[in-house]
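Before any comments, here is the structure.
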Amino acid sequence: MLVEIDQSLTIDPADILRKITPNTRAIIPVHMANVVCDMDAIMQIARDHNLLVIEDACQAVGLTYKGRKVGTIGDAGAYSFNQFKNINVGEGGAIVTNDDQLFARARMYHDIGAVFRGHLDNANAPLIPGINLKASQIQGAMLNVQLKKLGPMLRRMRQRYEAMADILTSRGGLRLIPQHDPANAAGLHVVFDTEEEARDFAARNKRGVHRVYDSSRHVYTFWQPILEQRTVHPKLNPYAWAARPMDYSPKACPRSLDILKRTCRITVGENYPLVFMRYMARRMVKDRGMPLAPYTTNPGLT
Ligand SMILES: *Cc1c(COP(=O)(O)O)cnc(C)c1O
């Protein structure tokens, strides 16, 4: 079942409650664009209704929620290391879990030859055949190096987030999306009252700004295979196995569509100097008819 987002751009706990049925088994919160979900509320709902929580932290590798890394709060968490993610090795990913049985099953599933490997001598789960999702040691080595750079990179993101957020809100009168852990916020988004304003803001600031709705692959109405419930073979179609007919109509989440149309993402440019990102924020404010403050470099900041 698709669940609405709220203004934080993450899954709306109130709508989770509305969508729970006797068939519900798990909640899948997605930490999108380095914006973390309301994990306290989600974990509480999961406890109350005896549900699993599978965190999709693919777009927020390294981010924290109240001192804990996202992906490690629920029963299992997924990370992606494809070319668009915080750390990347072209393709690949990882899952984390504290559940020994789940770990054993994930290990068998990701490696078609797992049943022949010595590490399964003490398996915590019955043997199952897997498919092949293995990463190589070379990929692992490349990721290991990036792991050391992840902390500093996130610090640069947060620094730019804070500097730009200050200019955008106090000088530009713009409204940021609410954050569930404001002290660690790194995903910068502004929300407008109307979709026209958001479209206009994105059009006037082509560099580093885009309206979230316009990145169509992130909007469920563009997920044609899911809306049409199509799979590789009709007999392997999980929708047909559901306890009741599933409906993934484009109308399923009207509030989410409205929010996505009114929200713009702003890149925090962690590889650009902080002064440049401040300048970019001031330009965005100027484009809204506000006076442009003089561009001064501040040698004390990097
Ligand atoms: C990238 C991404 C995935 C999938 O990652 P792959 O490594 O490409 O399979 C899943 N969920 C979200 C939110 C993503 O951004």
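It should be emphasised that the depicted structure is a prediction, and the values quoted were computed from it without experimental measurement. We count ligands from 1, going down the list as the structure has it; atoms in each ligand are counted the same way.
Numbered from 1 in the order shown, with element, the atoms of ligand 1 that lie under 4.0 Å from a heavy atom of Asp56 read 10 (C), 11 (N), 12 (C), 13 (C). Using a 4.0 Å cut-off to heavy atoms of Val30, the atoms of ligand 1 that qualify are 13 (C).
Residues Asp15 and Lys19 are paired through a salt bridge, judged by an N-O separation under 4.0 Å between the basic side chain and the carboxylate. A salt bridge between Lys66 and Asp181 is absent, with no side-chain N of the basic residue lying under 4.0 Å from a carboxylate O of the acidic one.
Residue contacts with ligand 1 include Gly92, since one or more of its heavy atoms lies under 4.0 Å from the ligand.
Side-chain contact between Leu168 and Val285 is present, with at least one heavy-atom pair separated by less than 4.5 Å.
When only interatomic distances are considered, the shortest N/O to N/O separation between Gln59 and ligand 1 falls below 3.5 Å.
Nearest protein heavy-atom contact of atom 1 (C) of ligand 1 is Lys85 NZ, 1.5 Å. Of the protein's non-hydrogen atoms, Ser80 OG, 4.8 Å is the one closest to atom 9 (O) of ligand 1.
To the nearest 0.5 Å, the span separating CE on Met246 from CE on Met1 amounts to 6.0 Å.
Side chain to side chain, Thr97 and Asp99 fail the donor-acceptor criterion of an N or O pair below 3.5 Å.
Counting protein heavy atoms under 4.0 angstrom from atom 15 (O) of ligand 1 gives one or more.
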